[in-house]
Amino acid sequence: MHKSHIEPRQILITTALVYANGPIHLGHMLEHIQADIWARFQKMRGHQCLYICGNDAHGTPIMINAEKQGVTPETMIHRIHIEDQQDFADFWVNFDHFDMTHAPENQSLVNLVYQRLTAKGDITTRTIEQAYDPVKNMFLPDRYVKGECPFCGAKNQYGDNCEACGTTYAPTDLKNPISVLSGVAPIQKDSVHYFFHLEHYADALKHWGESGHLQPEVMNKLSEWFESGLRAWDISRDAPYFGFEIPDAPGKYFYVWLDAPIGYIACFEKLCQSRHDLTLEAYWGKESQTELYHFIGKDIIYFHALFWPAMLKGADFRLPSAIFTHGFLTVNGQKMSKSRGTFITAREYLNHLNPEYLRYYFAAKLNSHVEDIDLNFTDFMQRINADLVGKFVNIASRCAGFITKFFEGKLAAELENSLLFNTFFAQAETIAQLYETREYHQAMREIMLLADQANQYIDSMKPWVLAKSPDTLPAVQNICSLGLNLFRVLMIYLKPVLPKTAEAVEAFLNTPPLMWQDIENPLLGHQINPFQPLLQRIDLASIEIFTQTTNHVES
């Protein structure tokens with residue numbers, strides 16, 4: 001078997017910052033599991049892959065929610081920050097650093113970006129009419145005005161962008177607007193606002209987008225926006241507002257969407273403080289040669305594929321290598337929506353089911369396109385029981401007992417069928433490429449086809465029959481040793497998806513943490529430990545209890 005050489009890469013990935021205004025739900029988990037699988041895969045290949053994220057901690061919704069709870073915004077965001085980290089950890093999402101945007105590092109970087117953009121003539125001020133609630137006596141931020149989309153006519157849309165057609169606009173553009181806070185129609189009042197001239201970067205953005213940094217579906221969406229013309233972006237909000245005050249502009253604050261993505265850089269800067277092998281310049285500098293990837297949902301394309309690269313370019317930072325956009329999560333065919341109170345929180349899921357089951361189910365459905373994914377609980381139960389329990393774990397549970405009982409836990413000294421082992425080994429690069437291109441659904445399919453072959457081999461060799469006679473007992477060691485080696489290859493292939501199970505398998509097989517290149521070397525003449533049950537079948541009762549108790553969970 002040849003030794004494959006892989007040139008080490010330096011990779012930084014981010015997921016969209018989680019808004020610190022309520023609990024994480026399964027829609028969040030779709031994105032973070034997708035990114036975590038990719039990060040774990042890259043690390044298994046021997047690359048330096050850093051995965052960072054954090055809480056988006058600013059904006060009026062947080063200020064008003066904290067007020068309702070009778071606490072300061074700072075108290076609320078710190079509580080949610082801790083809860084979010086626990087939820088992610090319990091889903092085996094492994095960040096290299098998790099921070100929040102309400103941090104001095106972020107404020108310094110936001111001011112730096114603002115100063116650089118201002119120096120280039122990209123930021124100007126003008127007086128605008130703004131929605132004002134005459135009952136609450138305050139200017140209304142985007143999310144506190146609702147009405148009909150001025151472009152597609154969709155009802156019940158927020159004042160910053162339309163969930164139906166994806167277009168962004170000003171709250172004053174809404175048709176038939178009302179204040180979310182008081183229910184009355186807002187009046188218009190004058191206010192000086194700061195604008196970032198996105199249109200200055202139209203040509204650069206178009207060139208960047210067409211150079212392969214975006215999925216075709218995303219580029220198609222951007223083309224529509226380019227054709228209709230890019231407009232200056234309102235980056236300021238009036239007091240009262242929970243965020244960073246604009247330097248030399250009392251009572252004016254940076255809009256949350258300006259400081260949130262800069263939080264990616266600030267989060268990395270915090271990581272650099274604890275890692276002397278990392279520098280901000282190497283990863284975010286204009287001449288950076290490292291790879292930078294953002295995993296995001298399709299609802300925030302506008303901010304990540306237009307505003308963010310324009311800000312980076314204007315402020316002399318590097319641009320992302322690619323933006324990986326995914327679709328929404330539906331549950332049993334129904335759209336999940338936090339505002340409508342019809343979402344399942346991460347914690348509610350964790351209270352009832354194994355997090356690795358959801359990791360596998362998402363992996364079995366995820367691809368590189370911007371497609372919605374449905375979590376159908378009947379399909380979920382059947383797929384976990386058939387694939388993970390019936391096919392994958394079944395291989396180990398059928399073979400391990402014989403090795404422990406008859407051979408003192410010792411595997412055979414050579415492979416009984418090297419041709420079959422080589423069939424499994426030969427798929428290593430194919431499966432690696434499917435992980436690399438985020439075609440996880442196809443990778444899971446290939447892995448389960450191999451699991452079928454392993455089970456067919458055990459079925460045909462019938463070690464349970466051979467174990468009955470002393471004459472055929474030696475063959476049992478050979479058959480079960482090969483079975484366990486095939487199982488080990490499958491575990492390596494599945495480790496990015498099932499990291500906790502991989503830890504248990506490493507303990508059972510008595511090996512160091514499994515790496516991708518370990519596929520080349522089977523375990524021969526090796527001592528293993530007694531087998532412990534790995535994954536349990538899901539019964540209908542647990543699914544029914546789960547769906548009943550988590551239906552319409554409110555934040």
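Side-chain contact between K120 and D316 is present, with at least one heavy-atom pair separated by less than 4.5 Å.
Every residue two or more places apart in sequence or in another chain that forms a side-chain contact (heavy atoms from CB on, under 4.5 Å) with K175 is listed here: E148. Listed by chain and residue number, nothing satisfies the side-chain hydrogen bond (donor to acceptor under 3.5 Å, both in side chains) test with Q188 (two or more places apart in sequence, or in another chain).
D84 and R347 are not joined by a salt bridge, as no carboxylate oxygen comes within less than 4.0 angstrom of a charged side-chain nitrogen. Under a 4.0 Å N-O distance rule, the pair K252/E245 does not qualify as a salt bridge. Salt bridge annotation for R237-D234: present, with a cationic side-chain nitrogen under 4.0 angstrom from a carboxylate oxygen.
Donor-acceptor pairing under 3.5 Å is recorded for the side chains of S179 and D133. A side-chain donor from one of H197 and T124 sits under 3.5 Å from a side-chain acceptor of the other. H200 and D122 form a side-chain donor-acceptor contact under 3.5 Å, judged by distance and modelled atom types alone. Checked by atom type, the side-chain pair D190/T127 shows no donor-acceptor distance below 3.5 Å. Judged by distance alone, the side chains of E129 and T172 never bring a donor and an acceptor atom under 3.5 Å apart.
Taking the six-membered ring for Trp and the full ring otherwise, the centers of F91 and Y349 sit less than 6.0 Å from each other. For F254 and Y114, the gap between ring centers is short of 6.0 Å. Aromatic pair H81/F98: ring centres closer than 6.0 Å. In this structure, Y132 has its ring center closer than 6.0 angstrom to the ring center of F139.
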Tell me which donor-acceptor pairs under 3.5 Å the side chains of residues 257-271 have, and how far apart each pair is, sequence neighbours excluded?
unit_1, atom_1, unit_2, atom_2, d
D259, OD1, H58, ND1, 3.3
D259, OD2, H58, ND1, 3.2
Y264, OH, H304, NE2, 2.8
K270, NZ, D99, OD1, 3.4
K270, NZ, D99, OD2, 3.0

Practice task
Take T345 and H25 through the side chain to side chain donor-acceptor pair (under 3.5 Å) test and state the conclusion after the steps.
Solution key: CA-CA 4 Å; T345 67; H25 54 74; over 6 Å; no
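Figure legend: R126 and F195 shown as a cation-pi pair, the cationic atom lying under 6.0 angstrom from the six-membered ring centre and within 45 degrees of its axis. Under a cutoff of 6.0 Å and an axis angle of 45°, K365 and Y440 do not form a cation-pi pair.
Atom CZ in R318 sits 10.5 Å away from atom CD in E287 (nearest 0.5 Å). Note: F295 CZ to C53 SG = 12.0 Å, rounded to the nearest 0.5 Å. Taken to the nearest 0.5 Å, the CG atom of D238 stands 10.0 Å off from the NZ atom of K189.
Legend: salt bridge (Lys or Arg N to Asp or Glu O under 4.0 Å) pairs involving residues 294-307, not counting sequence neighbours, sorted by first then second residue: K298-D372. Screening residues 24-38 for salt bridge (Lys or Arg N to Asp or Glu O under 4.0 Å), with sequence neighbours left out, gives D36-R40, D36-R359. Residue pairs meeting the salt bridge (Lys or Arg N to Asp or Glu O under 4.0 Å) criterion with at least one member in residues 67-81, sequence neighbours excluded: R79-E83.
Below 30°, between 30° and 60°, or above 60°: for F196 and W233 the angle between ring planes is above 60°, a perpendicular geometry. Between F380 and Y361, the ring planes are perpendicular. Angles over 60° get that label, and only those under 30° would be called parallel.
Within 6.0 Å of CG in D203 there are 12 or fewer heavy atoms belonging to other residues, nucleotides or ligands.
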